[in-house]
Chemist: 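Dropping a structure here in structure tokens format, bear with me for questions.
Every chain is numbered from 1 and lettered A, B, ... according to where its sequence line falls, protein lines coming before strand lines. Quick note: numbers below take in every heavy atom, side chains included, and nothing from hydrogens, waters or symmetry partners.
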Number of protein chains: 2
Amino acid sequence: MDASSPFSNQDSPWLPFESRRRARDEKREAVLRTAVALFLEQGYHRATLNEVAKRLNITKPALYNYFRGKDEILFECWAIGNELVDECIAETSAGGGTGLDKLRKLTVRYAELMTADYGKSLVRFDLRDLSDDNRKIVRNAKRRIDRAFRDYIAQGIADGSIKPCDPKLSAFAIAGSLNWIGHWFQPGGAMSGRAVAEEFAIRLTEGIATTSKKKADKPPRTGNASREETREHHTRTAARAAGQSKRARGRLR
Amino acid sequence: MDASSPFSNQDSPWLPFESRRRARDEKREAVLRTAVALFLEQGYHRATLNEVAKRLNITKPALYNYFRGKDEILFECWAIGNELVDECIAETSAGGGTGLDKLRKLTVRYAELMTADYGKSLVRFDLRDLSDDNRKIVRNAKRRIDRAFRDYIAQGIADGSIKPCDPKLSAFAIAGSLNWIGHWFQPGGAMSGRAVAEEFAIRLTEGIATTSKKKADKPPRTGNASREETREHHTRTAARAAGQSKRARGRLR
DNA sequence: TCCGTATATTACCCATGGGTAATAAATAGT
DNA sequence: ACTATTTATTACCCATGGGTAATATACGGA
């Protein structure tokens with residue numbers, strides 16, 4: 001009725017009777033795009049590799065040219081999301097400002113990530129579906145993200161931009177609220193991902209900020225923490241090749 | 001042993017039947033306690049009914065004396081958690097106070113629920129594992145919970161205890177943060193569930209409250225929103241019998 | 001004591017879906 | 001064009017685990 005039609009899936013490099021000569025990495029990424037969408041849509045266990053393949057106009061065994069197995073696909077989806085978060089943290093840390101400034105900056109970007117597929121995969125996939133090695137990698141990455149939030153809060157307390165509080169619990173509270181976005185946000189809604197992100201950034205930090213800015217009431221200052229680039233989900237492929245962890249590049253023969 | 005029968009005498013031919021039924025319900029609940037723990041520990045799909053049975057020193061088919069199938073067990077676990085939340089909401093709504101008072105009261109109780117198994121089941125189980133009918137029930141219940149948060153916020157804005165804000169987004173932010181507790185809290189940690197709950201209640205409401213109470217700094221006023229009873233996870237059995245929804249009482253023969 | 005019911009067990013069925021082997025088709029290099 | 005390599009397909013294996021049928025056992029009631 002839908003996915004099997006030759007007219008849907010216009011972005012599949014395997015369109016029948018189409019030139020099948022495309023870079024291997026593009027196909028890999030196409031698999032991941034399809035897989036992450038399906039995993040989110042149906043849940044990892046209900047989603048089958050047959051269905052992933054079907055949506056790409058190929059058959060299941062073809063997937064094994066690019067991945068060792070289902071759990072590796074899951075991990076790679078997660079890894080892409082993780083790289084996006086890492087970029088957020090790196091850029092936020094690189095930029096200046098008070099602890100509160102950084103916290104807000106990270107909050108906005110992280111929130112917006114949670115409204116997109118790869119971001120959602122960070123919070124909706126289950127660690128226990130991964131291999132032991134990959135599970136360790138993910139756990140460490142989660143800790144790094146948590147530390148970023150805590151560090152910014154601690155820094156804010158130190159520089160006086162944030163009220164004294166327990167950084168650990170405050171980070172949990174903020175990150176929890178943001179992570180939950182990945183569970184309820186759906187693109188078709190009334191607010192865009194960007195809008196939700198900016199709203200949340202204000203709401204979640206106003207409680208602990210020392211200066212109670214009324215940024216929300218009118219838009220005289222949109223803030224400098226949200227206008228820069230956020231629009232390159234592509235050209236990330238090269239960066240991934242330098243990823244920190246063992247991520248097999250397809251089946252090694 | 002309880003109040004299920006006024007006469008513990010042999011002149012009541014109902015006593016044996018009653019005690020039998022009670023024994024049955026106790027076994028039912030034992031299954032649910034074991035199942036919810038296992039589902040949380042391993043995830044619904046990895047957890048097997050064989051393992052549930054094994055932990056109860058019985059075998060898998062014995063479970064089918066009490067439940068129609070795995071997904072019904074999942075639903076019943078969820079239903080118990082939902083009743084606990086319903087009690088929170090009912091009591092909070094019954095009690096007086098400003099919108100902010102009620103919001104805080106609900107926040108404390110809800111947070112503490114999230115630190116226990118049945119509470120966690122509300123946010124960690126996947127709707128899509130349920131039958132269509134049960135899924136509808138759960139969805140409606142989730143909406144009711146969301147509405148409670150929104151109503152209290154709206155009420156608080158109306159009575160001046162809460163700053164003007166979007167009730168919908170604020171409710172999402174608060175509930176999200178609370179729900180996330182169900183994902184990270186583990187009993188063995190440094191803080192008790194109660195302690196986490198009270199911390200969160202303060203942190204999550206201080207941002208939108210008009211009066212910035214410093215409840216956290218010293219304990220001159222512990223607040224009336226946290227001392228009353230919260231300690232009856234038992235004797236809930238009878239209340240469940242009057243539950244709002246089709247919940248089969250074991251296999252009907 | 002004997003019957004009927006509730007409850008448990010053993011032994012099975014079988015749909016599902018991840019994964020693999022053998023092989024065919026396309027592509028690149030010479 | 002011939003060959004090696006990559007990439008896809010068809011046809012299959014099989015472990016897993018939910019669910020069921022047949023049956024045994026415990027127990028209350030007469």
Side-chain angles (χ1 to χ4, degrees), chain A residues 12-31 34-35 38-39 42-75 128-131 248-253, chain B residues 5 9-31 34-35 38-39 42-75 128-131 248-253:
Chain A
S12 167
W14 284 279
L15 271 171
F17 315 117
E18 184 70 9
S19 151
R20 294 180 171 175
R21 192 170 334 169
R22 278 267 175 73
R24 183 182 172 81
D25 280 351
E26 272 180 40
K27 292 184 186 171
R28 249 183 91 92
E29 296 223 6
V31 172
T34 305
L38 190 68
F39 290 168
Q42 307 193 340
Y44 177 70
H45 288 96
R46 269 171 303 276
T48 70
L49 291 186
N50 273 324
E51 178 65 19
V52 172
K54 192 177 173 186
R55 293 192 181 189
L56 290 163
N57 299 316
I58 56 175
T59 56
K60 178 177 59 173
L63 296 172
Y64 285 81
N65 281 316
Y66 305 98
F67 302 96
R68 284 184 195 287
K70 195 185 183 188
D71 67 299
E72 190 182 277
I73 295 179
L74 184 73
F75 174 73
R128 295 165 293 195
D129 289 318
L130 299 171
S131 70
R249 313 218 63 73
R251 168 139 58 175
L252 12 136
R253 296 189 169 175
Chain B
S5 133
N9 232 333
Q10 63 266 50
D11 59 356
S12 168
W14 298 89
L15 192 47
F17 173 78
E18 270 300 310
S19 91
R20 228 181 212 217
R21 197 184 62 74
R22 256 181 44 80
R24 183 183 172 79
D25 281 352
E26 274 176 34
K27 290 182 189 169
R28 247 183 93 90
E29 297 224 7
V31 172
T34 305
L38 189 68
F39 290 168
Q42 308 194 340
Y44 178 70
H45 288 96
R46 269 170 303 278
T48 70
L49 292 186
N50 274 324
E51 178 65 20
V52 172
K54 193 177 173 188
R55 293 192 181 189
L56 291 163
N57 298 314
I58 56 176
T59 57
K60 179 176 61 172
L63 297 173
Y64 285 82
N65 282 315
Y66 305 98
F67 302 96
R68 284 187 196 290
K70 195 185 183 189
D71 67 299
E72 189 181 278
I73 295 179
L74 185 73
F75 174 73
R128 295 166 294 195
D129 289 318
L130 299 171
S131 69
R249 310 220 63 72
R251 167 137 60 173
L252 13 135
R253 295 188 171 175

Chemist: Given atom CG of B:N65 and atom P of D:dT25, what is their separation to the nearest angstrom?
Modeler: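 Going from CG in B:N65 over to P in D:dT25 covers 17 Å.
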Chemist: Would you kindly give the CG-to-P distance between A:D71 and C:dG18, to the nearest whole Å?
Modeler: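 In whole Å, C:dG18 P and A:D71 CG are 11 Å from each other.
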Chemist: When you get a sec, tell me which of C:dT9, D:dG18, C:dA21 is the closest nucleotide to the side chain of B:I58?
Modeler: C:dT9
Chemist: The side chain of B:K60 is closest to which nucleotide in this list: C:dG18, D:dG18, D:dA8?
Modeler: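 Looking only at side-chain atoms, B:K60 lies closest to D:dG18.
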Chemist: At a cut-off of 3.5 Å, list every protein nitrogen or oxygen paired with a nitrogen or oxygen from nucleotides 22-25 of chain C, distance to 0.1 Å.
Modeler:
none

Chemist: With a cut-off of less than 4.0 Å, is there a side-chain N or O of B:T59 near OP1 or OP2 of C:dA8?
Modeler: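 Checking C:dA8 against B:T59, no side-chain N or O comes under 4.0 Å of OP1 or OP2.
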Chemist: So, do B:L49 and B:I73 sit near enough that their side-chain heavy atoms are less than 4.5 Å apart?
Modeler: yes
Chemist: If you check every side-chain atom of B:K70, which of D:dG19, D:dT9, C:dT9 has the closest atom?
Modeler: D:dG19
Chemist: Can you confirm whether B:Y44 sits close enough to B:K70 that some side-chain heavy atom of one is under 4.5 Å from a side-chain heavy atom of the other?
Modeler: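 Yes, their side chains come closer than 4.5 Å.
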Chemist: Check salt bridge (Lys or Arg N to Asp or Glu O under 4.0 Å) between B:R46 and all other residues, then give those that pass, not counting sequence neighbours.
Modeler: A:D126, A:D129
Chemist: Could you tell me how far apart B:Y64 (OH) and C:dT10 (P) are, to the nearest whole angstrom?
Modeler: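 In whole Å, C:dT10 P and B:Y64 OH are 17 Å from each other.
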Chemist: State which residue, out of B:V31, B:N50, B:T34, fulfils the side-chain contact (heavy atoms from CB on, under 4.5 Å) condition with B:R55.
Modeler: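 When side-chain contact (heavy atoms from CB on, under 4.5 Å) is applied between B:R55 and each of B:V31, B:N50, B:T34, only B:T34 qualifies.
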Chemist: OH of A:Y44 versus P of C:dG18: gap in Å, rounded?
Modeler: 8 Å
Chemist: Without decimals, in angstroms, what is the distance between B:L56 CG and C:dT9 P?
Modeler: 11 Å
Chemist: With sequence neighbours left out, what residues match B:K27 under side chain to side chain contact (heavy atoms under 4.5 Å, CB included)?
Modeler: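 Partners of B:K27 under the side chain to side chain contact (heavy atoms under 4.5 Å, CB included) test: B:Y66.
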Chemist: Can you see if the side chain of B:R24 gets near the phosphate of C:dA6 - specifically, an N or O under 4.0 Å from OP1 or OP2?
Modeler: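 Checking B:R24 against C:dA6: no side-chain N or O falls below 4.0 Å of OP1 or OP2.
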Chemist: For A:L38, does its backbone N or O pair with a side-chain atom of A:Q42 as donor and acceptor, under 3.5 Å?
Modeler: no
Chemist: Report, one pair per line, the protein and nucleotides 13-15 of chain C atoms (nitrogen or oxygen only) whose separation is under 3.5 Å.
Modeler:
none

Chemist: B:L38 CG to D:dG17 P: how many Å, rounded?
Modeler: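 Distance check: B:L38 CG to D:dG17 P gives 11 Å.
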Chemist: Rounded to the nearest angstrom, tell me the gap between atom CG in A:D129 and atom P in C:dG17.
Modeler: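 The distance from CG of A:D129 to P of C:dG17 comes to 15 Å, rounded to the nearest Å.
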Chemist: A:K27 has a side chain; which of D:dA8, D:dT20, C:dG18 sits nearest to it?
Modeler: D:dA8
Chemist: Measure from CZ on B:R28 to P on C:dA8 and round the result to the nearest Å.
Modeler: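 Rounding to the nearest Å, CZ of B:R28 and P of C:dA8 are 13 Å apart.
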Chemist: Show me the side-chain donor-acceptor pairs of residues 56-63 of chain B shorter than 3.5 Å, one per line, residues at least two apart or across chains.
Modeler:
none

Chemist: With the threshold set at under 4.0 Å for non-hydrogen atoms, list the residues of residues 45-52 of chain B touching DNA chain D in residue-number order.
Modeler: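 Here the set is B:A47, B:T48, B:L49.
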Chemist: How long is the gap from CZ on B:F39 to CD on B:E51, to the nearest 0.5 Å?
Modeler: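 It is 11.0 Å, given to the nearest 0.5 Å.
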